[in-house]
Amino acid sequence: DVNVMKDVTLGFGQALEKCREESQLSEEKMEEFFHFWRDDFKFEHRELGCAIQCMSRHFNLLTDSSRMHHENTEQFIQSFPNGQVIARKMVELIHGCEKQHDLKEDHCWRILHVAECFKQACVDGGLAPTMEMMITEFIME
Ligand code: M21
């Protein structure tokens, strides 16, 4: 549910600072990772795709061809409280988005489009946390 998605986002977002330099993602382009869930968030900077690739690598969630590693991703999600509630669903949503964008050759651009598609699928499926939830939890950490 949305509360689990909030925790997974914040957990995944822990790798942002480590990945900023190698992906050239300035704070101007993305201040904190949870802004991903803002209604007006724009998926237009290739650097964000590169950062998500780097962050996914950090948690060992990608295959050699920079596609989602299904087992590792499911385990990563299950490592959060109640993660098992959304783990399969999340993997399916991301995989569905990967299939839609598989012909894009540049990994950073492809991953950016997969991320945008995944966010939209979460919004449509009622899985997207609200910014209020994200900010409250972020401040409490
Ligand atoms: C729930 C946390 C955050 C979401 C972030 C980005 C998810 C985007 C998935 C991209 C996966 C990359 C696979 C490339 O084929």
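The figures here come from the full heavy-atom set of this structure, side chains too, leaving out hydrogens, waters and symmetry mates. Residue numbers run from 1 in the order of the sequence given.
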A.B. asks: How would you list all residue pairs meeting salt bridge (Lys or Arg N to Asp or Glu O under 4.0 Å) that involve residues 114-136, not counting sequence neighbours?
C.D. replies: none
A.B. asks: Locate the shortest heavy-atom distance separating F33 from G13; write the atom from each residue and the value.
C.D. replies: CB-CA, 3.8 Å
A.B. asks: Quick one: do V8 and L62 end up in the same hydrophobic cluster if we chain Ile, Leu, Val, Met, Phe, Trp and Tyr together by side-chain heavy atoms under 4.5 Å apart?
C.D. replies: no
A.B. asks: Please check this pair: side chain of N82 against backbone of V4, looking for a donor-acceptor N/O pair closer than 3.5 Å.
C.D. replies: no
A.B. asks: So, taking the atom named CD in E21 and the one named SG in C19, what distance separates them when rounded to the nearest 0.5 Å?
C.D. replies: 11.0 Å
A.B. asks: Give, for atom CD of Q53 and atom SG of C50, the distance between the pair rounded to the nearest 0.5 Å.
C.D. replies: 6.5 Å
A.B. asks: Going by the side-chain hydrogen bond (donor to acceptor under 3.5 Å, both in side chains) test, name the single residue among E17, E22, Q24 that passes it with R20.
C.D. replies: E17
A.B. asks: For H113 and R110, which I'm curious about, is there any donor-acceptor pair between the side chains at under 3.5 Å?
C.D. replies: no
A.B. asks: Provide the closest heavy-atom pair for L48 versus L25 in the form atom of the first, atom of the second, distance.
C.D. replies: N-CD1, 3.8 Å
A.B. asks: Could you check whether the rings of F43 and F36 sit parallel, tilted or perpendicular, using 30° and 60° as the cut-offs?
C.D. replies: perpendicular
A.B. asks: With a cut-off of 6.0 Å (strictly less than), are more than 12 heavy atoms of other residues, nucleotides or ligands near CG of D40?
C.D. replies: yes
A.B. asks: Among the clusters formed by ILVMFWY side chains lying less than 4.5 Å apart, do I94 and V91 turn up in the same one?
C.D. replies: yes
A.B. asks: Which heavy atom of N72 sits nearest a heavy atom of H69, and at what distance?
C.D. replies: N-ND1, 3.1 Å
A.B. asks: Classify the ring geometry of F12 against F76: parallel below 30°, tilted from 30° to 60°, perpendicular beyond 60°.
C.D. replies: perpendicular
A.B. asks: Do F41 and M133 share a hydrophobic cluster (ILVMFWY, side-chain heavy atoms under 4.5 Å, transitive)?
C.D. replies: no
A.B. asks: Do you know which two heavy atoms are closest between A128 and V2, and how far apart they sit?
C.D. replies: O-CG1, 3.6 Å
A.B. asks: Atom SG in C122, atom CD1 in I86: separation rounded to 0.5 Å?
C.D. replies: 8.0 Å
A.B. asks: Who are the salt bridge (charged side-chain N to carboxylate O under 4.0 Å, His left out) partners of R46, not counting sequence neighbours?
C.D. replies: D106
A.B. asks: Identify the residue among V114, I111, L16 that makes a side chain to side chain contact (heavy atoms under 4.5 Å, CB included) with I52.
C.D. replies: I111
A.B. asks: Quick one: CD on E137 to NZ on K6, what's the gap to the nearest 0.5 Å?
C.D. replies: 3.5 Å
A.B. asks: Hydrophobic cluster membership, with links at side-chain heavy-atom distances under 4.5 Å among I/L/V/M/F/W/Y: are F80 and V85 in one?
C.D. replies: yes
A.B. asks: Looking at A87 and Q78, what are the two nearest heavy atoms and their distance?
C.D. replies: CB-CG, 3.8 Å
A.B. asks: Rounded to the nearest 0.5 Å, what separates atom CD in E71 from atom OG1 in T63?
C.D. replies: 11.0 Å
A.B. asks: Using 0.5 Å steps for rounding, measure from the NE2 atom of H70 to the OG1 atom of T73.
C.D. replies: 7.5 Å
A.B. asks: Do E47 and M30 come within less than 4.5 Å of each other through their side chains, counting heavy atoms only?
C.D. replies: no
A.B. asks: Check this for me: E44, atom CD, are more than 12 non-hydrogen atoms of other residues, nucleotides or ligands nearer than 6.0 Å?
C.D. replies: yes
A.B. asks: Same cluster for L10 and M131 if Ile/Leu/Val/Met/Phe/Trp/Tyr side chains link at under 4.5 Å?
C.D. replies: yes
A.B. asks: Under a 4.0 Å N-O cut-off, is there an ion pair linking R88 with E74?
C.D. replies: yes
A.B. asks: What I want to find out is whether R67 reaches E98 closely enough, with some N-O distance under 4.0 Å, to be called a salt bridge.
C.D. replies: no
A.B. asks: With a 6.0 Å cut-off (strictly less than), is the heavy-atom count around NZ of K89, excluding the residue itself, greater than 12?
C.D. replies: no
